[in-house]
Peer 1: 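This is the structure I want to talk about, given as structure tokens.
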Amino acid sequence: MYIVLIVALLGLLPILLQKGLANAYHFKSRFYIDKWQQSNKPTSLQYANALLAADYAFSIDSKNPHYLLTLAKVMEWGAFSNLAQPNNMVFNQLYLDAIEQRPTWPNAYSDYAYNLAFIQHDINHAWLNLEQALVYGPYTPEVLHQVLAIGFAHWPNLTVSQKQLVFTTAKHAASANWLMRNDLKNMAKRYQLTHVICTYFNYSIPAFSANDDKWIKQDMCR
């Protein structure tokens with residue numbers, strides 16, 4: 001029996017090694033994404049290394065939703081930085097495959113919405129994905145960020161119901177941790193919507209807690 005177990009483990013060893021290698025390359029590409037998110041624009045060498053790592057992880061396990069989203073995000077940075085041309089067909093396939101693998105993962109929907117809004121310029125399709133993201137993760141920081149980013153950027157063209165969704169999301173962000181609060185404050189300032197959001201907060205029902213109200217009046221809306 002022990003011999004059978006040893007043979008079975010030896011047979012699995014190449015698969016396990018491949019999985020471990022894929023994970024290592026995935027984290028390498030994630031390292032670059034995290035670095036770029038700290039306002040560091042990628043260099044052409046960094047982008048090439050990140051894309052190679054993300055693509056290699058994907059080639060080993062094309063059904064892993066984390067690998068799918070990471071590859072999409074690396075490609076997005078290439079597009080935003082003018083290091084590569086966007087390929088909407090590939091973007092759609094990566095995001096739809098990730099959603100198929102984890103249909104209740106809110107980040108997949110919100111990240112896809114961001115791509116649709118800012119790369120593919122399809123706000124209607126983006127909004128449908130935002131609504132799905134809020135179904136599965138209404139208080140998830142990444143979802144809140146994407147709703148605010150897309151909503152603020154497209155504010156003049158939103159419907160009344162869409163603006164109400166952004167207001168509600170802003171209220172959730174104002175009641176979250178300090179990172180989410182600062183995210184809200186900075187984005188509202190960037191899109192010159194601080195006065196609009198603060199006016200909504202002033203008449204919001206139900207009212208904020210004493211702690212949240214203090215932050216709004218002394219920091220966000222001072």
Side-chain angles (χ1 to χ4, degrees), residues 4-123 125-130 132-133 135-137 140-143 145-147 149-150:
V4 174
L5 286 174
I6 291 172
V7 171
L9 289 173
L10 288 174
L12 288 173
L13 189 58
I15 298 174
L16 294 175
L17 288 173
Q18 264 202 327
K19 295 287 187 182
L21 192 59
N23 212 34
Y25 275 98
H26 165 68
F27 281 112
K28 180 179 180 179
S29 53
R30 282 299 322 177
F31 166 80
Y32 282 111
I33 292 172
D34 293 340
K35 180 182 179 69
W36 299 335
Q37 286 177 339
Q38 302 304 315
S39 300
N40 294 307
K41 184 179 179 180
T43 65
S44 57
L45 180 59
Q46 289 175 343
Y47 174 69
N49 287 336
L51 182 62
L52 183 65
D55 191 57
Y56 188 79
F58 168 77
S59 69
I60 293 175
D61 187 359
S62 62
K63 298 298 182 182
N64 187 307
H66 293 281
Y67 299 172
L68 290 161
L69 290 194
T70 297
L71 178 55
K73 285 178 176 293
V74 170
M75 292 173 63
E76 286 170 1
W77 275 101
F80 286 132
S81 303
N82 296 316
L83 294 172
Q85 290 296 317
N87 189 323
N88 293 345
M89 184 179 296
V90 173
F91 280 135
N92 290 335
Q93 193 63 58
L94 289 171
Y95 279 113
L96 291 174
D97 284 350
I99 289 170
E100 182 180 1
Q101 294 303 315
R102 286 186 63 179
T104 61
W105 191 17
N107 293 34
Y109 292 101
S110 62
D111 286 350
Y112 188 25
Y114 190 89
N115 182 288
L116 288 164
F118 292 106
I119 292 181
Q120 303 190 45
H121 307 292
D122 184 353
I123 187 62
H125 195 186
W127 208 263
L128 292 175
N129 280 274
L130 282 182
Q132 282 297 101
V135 168
Y136 297 116
T140 304
E142 292 82 0
V143 173
H145 173 85
Q146 305 296 42
V147 173
I150 295 170

Peer 1: Below 4.5 Å, heavy atoms only, C-beta onward: do Met75 and Leu94 meet side chain to side chain?
Peer 2: yes
Peer 1: Excluding sequence neighbours, so at least two apart, what forms ring-ring contact (aromatic ring centres under 6.0 Å, His included) with His66?
Peer 2: Trp105
Peer 1: Is a side-chain donor or acceptor of Asn82 paired with a backbone partner of Gly78 at a separation under 3.5 angstrom?
Peer 2: no
Peer 1: With side chains defined as the heavy atoms from C-beta onward, is the minimum distance between Asp97 and Gln93 less than 4.5 Å?
Peer 2: yes
Peer 1: First locate atom OH of Tyr56, then atom OG of Ser29, and finally report the distance between them rounded to the nearest 0.5 Å.
Peer 2: 13.5 Å
Peer 1: Who pairs with Ser110 by side chain to side chain donor-acceptor pair (under 3.5 Å), at least two apart in sequence or on another chain?
Peer 2: none
Peer 1: Who pairs with Trp77 by ring-ring contact (aromatic ring centres under 6.0 Å, His included), at least two apart in sequence or on another chain?
Peer 2: Trp36
Peer 1: To the closest 0.5 Å, what do you measure between NZ (Lys73) and CD1 (Ile33)?
Peer 2: 7.0 Å
Peer 1: Taking atom types as modelled, is there a side-chain donor on Asn64 or Gln101 under 3.5 Å from an acceptor on the other?
Peer 2: no
Peer 1: Under the rule for salt bridge (charged side-chain N to carboxylate O under 4.0 Å, His left out), what residues qualify as partners of Asp122, not counting sequence neighbours?
Peer 2: none
Peer 1: Return yes if some donor-acceptor pair links the side-chain N/O of Asp55 with the main-chain N/O of Leu51 below 3.5 Å, else return no.
Peer 2: no
Peer 1: Picking from Leu116, Leu96, Asn115, what satisfies side-chain contact (heavy atoms from CB on, under 4.5 Å) with Phe91?
Peer 2: Asn115
Peer 1: Mind checking the OG1-NZ spacing from Thr70 to Lys28? Nearest 0.5 Å is all I need.
Peer 2: 14.5 Å
Peer 1: Assess whether atom CD of Gln37 is packed by more than 12 heavy atoms of other residues, nucleotides or ligands within 6.0 Å.
Peer 2: yes
Peer 1: Go through the structure and list residues passing ring-ring contact (aromatic ring centres under 6.0 Å, His included) with Tyr136, not counting sequence neighbours.
Peer 2: Tyr109
Peer 1: Go through the steps for Leu68 and Lys63 under the test side chain to side chain contact (heavy atoms under 4.5 Å, CB included), then give the verdict.
Peer 2: CA-CA 8 Å; Leu68 290 161; Lys63 298 298 182 182; over 6 Å; no
Peer 1: Working to the nearest 0.5 Å, report the span between OH of Tyr114 and CD of Glu76.
Peer 2: 8.0 Å
Peer 1: Drop me the distance from Asn92's CG to Gln120's CD, to the nearest 0.5 angstrom.
Peer 2: 4.0 Å
Peer 1: Tyr95: which residues meet the ring-ring contact (aromatic ring centres under 6.0 Å, His included) condition with it, sequence neighbours left out?
Peer 2: Tyr112
Peer 1: Is any side-chain heavy atom of Asn129 less than 4.5 Å from a side-chain heavy atom of Asp111?
Peer 2: no
Peer 1: Counting N and O atoms only, with roles assigned by atom type, does the side chain of Thr43 sit under 3.5 Å from a partner on the main chain of Gln46, one being a donor and the other an acceptor?
Peer 2: yes
